[in-house]
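Only one structure is covered here, and it is reproduced in the block below.
Only this structure's heavy atoms are used, side chains among them; waters, hydrogens and symmetry mates stay out.
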Amino acid sequence: TVQEAAARLMQERSNRLGTMATLQQQISATRAQLAQLQNLPTAQRADTGTAEDVGNKYSGRENPMEDAVDIVYNTDATKQVLGSTLMLEIDGMGGMGKGAEAAEFIKNRVPQIYFSEIPMPASGTLDIEARLKEALQRVNEEIREQGISPGGAVADVTVIAQEGDKQYAYVAHIGDTETWLVRGGVAYLLTKDQSIVGELLSMGAISVREAGRHPQANVVQGALSGRDDINVETHAFEVREGDILISVSDGVIDPLRYQDQIFHNIDFAQAKPGGFFVEAVGTGKTAAQIASDIVSGARVHADKTEKEKNA
């Protein structure tokens, strides 16, 4: 029934999960069915999937998961220029539930600010990157004003927008969450890790494996924590058929670095093919399958890393 379909969709959107994979596919029959059931616009959408694993480090806490993730579909036919899909990967910091509070706040407020509270621009003047940056800056100010969490949270926010006959992805980033693009058998890192280790990697001072084993691997230099000097980075590119976007928290990245499973591909001209994300994507998988394989594969490397550190 219409009610049951709507309930299932709302339940999927309410999940708070620890890593997110998005597969850029379009199935017109599914799109038409969704539009009929929910009276949603028929703009192209991304096939999306999520998965989580709390891991071992905080499994003893009452609320071990401090990540939040959401996939928000733009249902306003008058605002489709802002994008059809907004995806959030947020990693709370501060511990003892404070990080979870910040992550949940950001998850709820960013879509509201982006789609509804920032005034619509005059025709032909829309800048999605600037709009995303403003949304994150506003939520950062609200975190300070409301005293939500001293640690705040790091985040990647992605908007998929249709522009004529082309589709574009816009990514806003702060902290050490990461967004990757898998294209043609190569995984490209789109965001810059705003941490000490990220800086060393960018300079070529250390290898990926050394980054995973660095004593300051978890020292983050950027976060939505209410400070004035935040640095929100944005990226935009045209989405090609078969492209896959993957956003993950450091809980996935750290063991993959430690076990030397990913390449630090930031130069499209000199990127190395293969690696963990390319293998996880495989062929013919849904977004949900990709997300599940990423999390389960990362858990294997995390367990191996923990055994090596405790040996």
Salt bridge (charged side-chain N to carboxylate O under 4.0 Å, His left out) with [X]: which residues, sequence neighbours excluded?
X: Glu141; answer: none
X: Asp260; answer: none
X: Asp228; answer: Arg144

Return the set of residues passing side-chain contact (heavy atoms from CB on, under 4.5 Å) with [X] (not counting sequence neighbours), or none when no residue passes.
X: Val81; answer: Met120, Leu126
X: Thr125; answer: Pro121, Ala122
X: Asp229; answer: Arg227
X: Gln146; answer: Phe105, Glu142, Ile148

Task: Side chain proximity check, Val139 to Leu224, heavy atoms < 4.5 angstrom - done: yes
TODO: Please examine the side chains of Ile262 and Arg257, heavy atoms only from C-beta on, and report whether any two atoms are closer than 4.5 Å.
DONE: yes
Task: NZ/Lys79: more than 12 non-hydrogen atoms of other groups inside 6.0 Å - done: yes
Could you state the interatomic distance from [atom1] ([X]) to [atom2] ([Y]), rounded to the nearest 0.5 Å?
X: Asp176; Y: Asp250; atom1: CG; atom2: CG; answer: 4.5 Å
X: Asp67; Y: Asp91; atom1: CG; atom2: CG; answer: 4.0 Å
X: Ile290; Y: Leu245; atom1: CD1; atom2: CG; answer: 11.0 Å
X: Gln162; Y: Thr85; atom1: CD; atom2: OG1; answer: 10.5 Å
X: Gln80; Y: Thr78; atom1: CD; atom2: OG1; answer: 8.5 Å

Task: Side-chain donor-acceptor pair present, Ser247, Thr179, cut-off under 3.5 Å - done: yes
Task: Residue pair Ser84 / Asn74, side-chain donor-acceptor N/O under 3.5 Å - done: no
Open item on the list: One pair to check against salt bridge (charged side-chain N to carboxylate O under 4.0 Å, His left out): Arg299 and Asp303. What are the steps and the verdict?
Closed with: CA-CA 6 Å; Arg299 180 55 185 262; Asp303 290 343; 2.9 Å; yes
Same cluster for [X] and [Y] if Ile/Leu/Val/Met/Phe/Trp/Tyr side chains link at under 4.5 Å?
X: Leu132; Y: Ile174; value: yes
X: Ile230; Y: Ile90; value: yes
X: Val171; Y: Phe115; value: no

Where is the tightest heavy-atom contact between [X] and [Y], given as atom of each residue plus distance?
X: Pro119; Y: Arg138; value: CD-NH2, 4.3 Å
X: Gly99; Y: Glu66; value: N-OE2, 3.6 Å
X: Ala161; Y: Tyr170; value: CB-CE1, 4.1 Å
X: Phe276; Y: Ala298; value: CZ-N, 3.7 Å
X: Thr48; Y: Ala287; value: C-CB, 3.3 Å
X: Pro111; Y: Val72; value: CG-CG2, 3.9 Å

With [X] via side-chain hydrogen bond (donor to acceptor under 3.5 Å, both in side chains) - residues at least two apart:
X: Glu279; value: none
X: Glu233; value: Gln194
X: Asn310; value: none

Looking at [Y], is its backbone amide N or carbonyl O close enough to the side chain of [X] to form a donor-acceptor pair, meaning the two atoms are under 3.5 Å apart?
X: Gln289; Y: Thr286; answer: yes
X: Lys285; Y: Ala291; answer: no
X: Asn265; Y: Lys272; answer: yes
X: Ser292; Y: Ala288; answer: no
X: Ser249; Y: Thr177; answer: no
X: His173; Y: Gly175; answer: yes
X: Asp70; Y: Leu88; answer: no
X: Gln112; Y: Val110; answer: no

Task: From CA spacing to verdict: salt bridge (charged side-chain N to carboxylate O under 4.0 Å, His left out), Lys107, Glu104 - done: CA-CA 5 Å; Lys107 183 197 79 171; Glu104 184 72 8; 3.3 Å; yes
For residues 180-189, run the donor-acceptor check on the side chains, cut-off 3.5 Å, and write out each pair with its distance to 0.1 Å, sequence neighbours left out.
residue	atom	partner	partner atom	Å
Trp180	NE1	Glu178	OE1	3.0
Arg183	NE	Asp243	OD1	2.9
Arg183	NE	Asp243	OD2	3.2
Arg183	NH2	Glu238	O	3.2
Arg183	NH2	Asp243	OD2	2.6

Open item on the list: I need the full list of salt bridge (charged side-chain N to carboxylate O under 4.0 Å, His left out) pairs touching residues 116-129, with sequence neighbours left out, sorted by first then second residue.
Closed with: Arg109-Glu117
